[in-house]
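Below is one structure, written out as structure tokens; comments come after it.
In what follows, chains are A, B, ... by sequence order, proteins preceding strands, each numbered from 1.
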Protein chains: 2
Amino acid sequence: MKYLKKLRNSGLRPTKQRLQICEVLFDTEKTFHFTINDLVKKINKQSNNKISLATVYNTVHAFEKKGYLKQIPINSSQTYFDTNISDHHHFYDLKEEKLIDLDNSDIGPINILKKISGKKIKSVEVLVKLED
Amino acid sequence: MKYLKKLRNSGLRPTKQRLQICEVLFDTEKTFHFTINDLVKKINKQSNNKISLATVYNTVHAFEKKGYLKQIPINSSQTYFDTNISDHHHFYDLKEEKLIDLDNSDIGPINILKKISGKKIKSVEVLVKLED
DNA sequence: TTGTACTTTATAATGATTCTAAAAAGGAGT
DNA sequence: ACTCCTTTTTAGAATCATTATAAAGTACAA
């Protein structure tokens with residue numbers, strides 16, 4: 001089992017549900033963006049074992065906390081997640097309502113000049129909205 | 001009336017409610033960030049005329065559409081708005097759950113190298129998350 | 001195998017936002 | 001001011017993503 005160790009190492013018991021979700025999320029050529037709703041559809045398409053909605057929420061949040069997923073800051077009624085956890089940014093196509101990755105190399109270096117005392121920068125996220 | 005013309009010019013009837021909301025939002029020295037909930041509290045503090053929640057939602061969205069307010073892309077259960085409509089960015093203090101403005105001058109120039117054919121850039125928004 | 005802590009699950013609860021449709025108010029023309 | 005028509009407000013219901021609950025199931029160390 002490919003993800004057994006990964007889960008154990010992060011202190012998450014490798015349950016059937018978590019392993020199946022790992023496959024759907026990480027057994028792909030390319031990384032992708034998804035909502036919980038998208039993910040549930042993918043799970044149901046992949047096999048007949050339905051996983052409870054609550055478990056999908058729990059698992060996604062557990063994975064995010066462990067750093068296996070990133071939340072994408074965007075104003076939408078649903079929360080978007082990204083299986084691409086590298087340091088990168090996003091285009092958001094307003095018409096199609098779709099996210100597109102924007103690699104760090106596709107953007108000039110970002111230099112935050114202002115400092116807030118007592119605080120350090122955890123992440124810098126750029127959202128570029130696109131229109132026709 | 002200070003905001004009568006502003007509203008008329010944008011094709012919004014200057015109702016009592018809209019004028020009052022204008023005062024709360026725009027009659028301030030400094031710009032600020034708020035949620036609908038924050039705004040309702042401010043309105044109720046300022047006067048005894050309660051404005052219906054639905055009207056607050058309608059008005060804020062109308063103002064946003066006219067460009068008098070900006071939505072701030074951030075993952076939160078509530079939507080954040082900004083009365084500062086100039087081109088700028090935000091710090092988000094994860095611990096305090098508070099937004100701090102980051103002027104364009106506080107950040108190096110951002111140069112998006114990747115182009116998406118048929119689309120043009122509408123906005124570039126940077127969110128800098130802060131931790132202790 | 002047994003005990004215990006962790007997980008899953010169905011379902012209920014929550015809470016922000018949107019919808020509805022009836023009443024109220026703005027505004028142009030008279 | 002009066003009328004008419006459109007826009008706006010409103011209370012309450014509806015929606016919908018997400019979180020909470022608590023009972024049943026499972027992993028795993030001893």
Side-chain angles (χ1 to χ4, degrees), chain A residues 1 3-25 33-44 47-66 68-69 71-81 97, chain B residues 1 3-25 33-44 47-66 68-69 71-81 97:
Chain A
M1 275 301 179
Y3 299 107
L4 245 164
K5 213 182 291 177
K6 178 174 182 157
L7 291 172
R8 280 235 179 78
N9 287 343
S10 38
L12 297 170
R13 285 188 180 169
T15 64
K16 212 171 10 153
Q17 292 84 350
R18 283 174 179 162
L19 288 167
Q20 191 188 339
I21 293 175
C22 275
E23 282 178 26
V24 173
L25 291 178
H33 311 118
F34 66 94
T35 64
I36 296 290
N37 197 37
D38 295 337
L39 182 53
V40 168
K41 279 191 204 143
K42 280 201 172 183
I43 291 167
N44 292 340
S47 87
N48 291 319
N49 326 329
K50 309 269 179 255
I51 297 177
S52 149
L53 183 59
T55 300
V56 178
Y57 273 98
N58 288 341
T59 303
V60 165
H61 285 135
F63 285 4
E64 195 220 347
K65 196 165 291 175
K66 295 299 179 185
Y68 302 149
L69 291 173
Q71 248 190 277
I72 303 171
I74 188 178
N75 282 115
S76 168
S77 58
Q78 292 171 81
T79 303
Y80 274 83
F81 294 89
E97 296 187 326
Chain B
M1 275 302 176
Y3 299 106
L4 245 163
K5 211 181 292 176
K6 178 175 182 154
L7 290 173
R8 281 235 178 75
N9 287 343
S10 37
L12 297 171
R13 286 187 180 170
T15 64
K16 212 169 8 141
Q17 291 85 348
R18 283 174 179 162
L19 289 166
Q20 192 188 338
I21 292 174
C22 275
E23 282 178 24
V24 173
L25 290 179
H33 310 118
F34 66 95
T35 64
I36 296 290
N37 197 38
D38 295 337
L39 182 54
V40 168
K41 279 192 204 145
K42 280 202 170 181
I43 291 165
N44 293 340
S47 89
N48 291 321
N49 326 330
K50 310 269 180 255
I51 298 177
S52 148
L53 183 59
T55 299
V56 177
Y57 273 98
N58 288 341
T59 303
V60 165
H61 285 136
F63 286 4
E64 196 220 345
K65 197 166 289 177
K66 295 297 179 186
Y68 302 149
L69 291 174
Q71 249 189 278
I72 304 171
I74 189 179
N75 282 113
S76 167
S77 59
Q78 290 171 83
T79 303
Y80 275 83
F81 294 90
E97 295 187 327

- From CA spacing to verdict: side chain to side chain contact (heavy atoms under 4.5 Å, CB included), A:Ile36, A:Thr79: CA-CA 7 Å; A:Ile36 296 290; A:Thr79 303; 6.0 Å; no

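- By the 4.5 Å heavy-atom criterion applied to side chains, B:Asp38 and B:Phe81 are not counted as neighbours.
- Between A:Thr55 and A:Asn58, the side chains place no donor N or O within less than 3.5 Å of an acceptor N or O (distance only, hydrogens not considered).
- Remark: the B:Gln20 side chain and the B:Ser47 side chain contain an N/O donor-acceptor pair separated by less than 3.5 Å.
- Enclosure of atom NZ in A:Lys50 by more than 12 non-hydrogen atoms of other residues, nucleotides or ligands within 6.0 angstrom is indicated.
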- Give the B/S/- string for nucleotides 17-30 of chain C, one per nucleotide from 5' to 3', where a protein heavy atom under 4.0 Å of the base yields B, of only the sugar-phosphate yields S, and otherwise -. BBB------BS---

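- For B:Arg8 (side chain) and B:Pro14 (main-chain N/O), no donor-acceptor pair under 3.5 Å exists by modelled atom type.
- Between the CZ atom of A:Arg18 and the P atom of D:dA27 there is a distance of 11 Å, given to the nearest Å.
- Atom NZ of B:Lys65 and atom P of D:dT8 are 12 Å apart (whole Å).
- We find that CG of A:Asn58 is positioned 15 Å from C1' of D:dA17, with the value rounded to whole Å.
- Straight-line distance from the CD atom of B:Gln71 to the P atom of C:dA16: 16 Å, rounded to whole Å.
- The separation between B:Leu7 atom CG and D:dT8 atom P is 10 Å, rounded to whole Å.
- In this structure, the CD1 atom of B:Ile51 is 12 Å from the C1' atom of D:dT10, given to the nearest Å.
- In this structure, the CG atom of B:Leu19 is 14 Å from the C1' atom of D:dT9, given to the nearest Å.
- Distance B:Gln20 CD to D:dT8 C1': 15 Å, rounded to the nearest Å.
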